[in-house]
Amino acid sequence: MKRFLIPVLLACATGAYASYALAGDDMGTMNMQMKPSSSKPAADTALSNAEVVKVDAASGMVTLKHGELANIGMPAMTMAYKAKDAAMVLGAHPGEKVKVRVENVNGAPTIVKLVKASS
Ligand SMILES: [Cu+2]
């Protein structure tokens with residue numbers, strides 16, 4: 001058990017520190033979260049509310065008017081994002097209320113998930 005604490009501490013220093021900081025100083029809790037078999041923390045897959053403003057099939061860009069994207073440190077704004085794939089571009093329509101997940105992929109903020117908002 002004690003041996004396992006060292007890699008956990010290294011992992012904290014190299015990334016994902018903020019989410020674990022929320023768990024407080026309880027190292028036992030951190031151990032639980034670092035296990036590869038455990039499910040991801042909810043914050044890692046959180047969706048943000050957005051509205052599709054514009055779709056550009058040629059460039060694969062979707063302009064979103066979105067709420068805060070906490071995971072990439074982006075405040076609410078209207079901005080064009082790269083879509084993960086062509087199917088996502090084809091399925092998006094201006095004026096549609098959606099929920100999105102944007103992540104930095106190869107340095108570019110990319111929509112990795114886009115679903116219609118249930119109303
Ligand atoms: Cu932005």
Side-chain angles (χ1 to χ4, degrees):
M1 200 59 181
K2 279 224 159 36
R3 277 186 187 177
F4 189 58
L5 289 177
I6 292 165
V8 168
L9 286 169
L10 287 174
C12 285
T14 54
Y17 180 78
S19 55
Y20 294 113
L22 293 175
D25 294 320
D26 184 355
M27 295 305 287
T29 303
M30 290 181 67
N31 271 337
M32 292 302 290
Q33 292 187 352
M34 291 305 288
K35 277 184 185 168
S37 59
S38 69
S39 58
K40 287 181 180 176
D44 265 3
T45 53
L47 299 175
S48 299
N49 290 315
E51 182 181 329
V52 177
V53 174
K54 189 183 153 193
V55 179
D56 186 341
S59 64
M61 302 291 283
V62 176
T63 302
L64 297 173
K65 181 180 177 186
H66 63 76
E68 185 187 13
L69 305 172
N71 63 304
I72 59 168
M74 184 88 72
M77 67 175 74
T78 299
M79 174 175 158
Y81 290 93
K82 190 172 168 33
K84 186 189 66 167
D85 54 43
M88 187 182 283
V89 176
L90 292 172
H93 306 286
E96 223 168 45
K97 299 257 194 271
V98 293
K99 285 183 178 290
V100 296
R101 174 74 180 174
V102 178
E103 292 178 358
N104 276 315
V105 178
N106 298 325
T110 302
I111 307 166
V112 297
K113 186 168 185 185
L114 186 152
V115 295
K116 287 185 193 357
S118 48
S119 51

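Atoms considered below: every heavy atom in the structure, side chains included; atoms not considered: hydrogens, waters and symmetry mates.
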Which residues pass the side chain to side chain donor-acceptor pair (under 3.5 Å) test with [X], not counting sequence neighbours?
{"X": "Asn49", "result": "Lys99"}
{"X": "Asp56", "result": "Ser59"}
{"X": "Lys113", "result": "none"}

* For Lys116, which residues count as a salt bridge (Lys or Arg N to Asp or Glu O under 4.0 Å) partner, sequence neighbours excluded? -> Glu96
* Partners of Lys97 by salt bridge (Lys or Arg N to Asp or Glu O under 4.0 Å), sequence neighbours excluded? -> Glu51
Would you list the pairs meeting salt bridge (charged side-chain N to carboxylate O under 4.0 Å, His left out) in which at least one residue belongs to [range], sequence neighbours left out?
{"range": "residues 102-112", "answer": "Arg101-Glu103"}
{"range": "residues 77-89", "answer": "none"}
{"range": "residues 70-80", "answer": "none"}

* Structure fact -> For residues 70-96, the ring-ring contact (aromatic ring centres under 6.0 Å, His included) pairs (sequence neighbours left out) are His66-Tyr81
* Structure fact -> With sequence neighbours left out, the residues meeting side-chain contact (heavy atoms from CB on, under 4.5 Å) with Ala70 are Glu68
* **Test side-chain contact (heavy atoms from CB on, under 4.5 Å) applied to Ile72 - qualifying residues, sequence neighbours left out** => Leu69, Met74, Val102, Asn104, Pro109
[X] versus [Y]: any side-chain heavy-atom pair under 4.5 Å?
{"X": "Leu64", "Y": "Val52", "result": "yes"}
{"X": "Val55", "Y": "Val89", "result": "yes"}
{"X": "Leu47", "Y": "Val115", "result": "yes"}

* Structure fact -> Here the pair of heavy atoms bringing Val53 nearest to Pro94 is O-CB, 3.6 Å
* Asked: Members other than Val105 in its cluster, when Ile, Leu, Val, Met, Phe, Trp, Tyr link by side-chain heavy atoms under 4.5 Å?
  -> Val112
* Asked: Same cluster or not: are Met61 and Leu90 linked, directly or through other Ile, Leu, Val, Met, Phe, Trp or Tyr residues, by side-chain heavy atoms under 4.5 angstrom apart?
  -> no
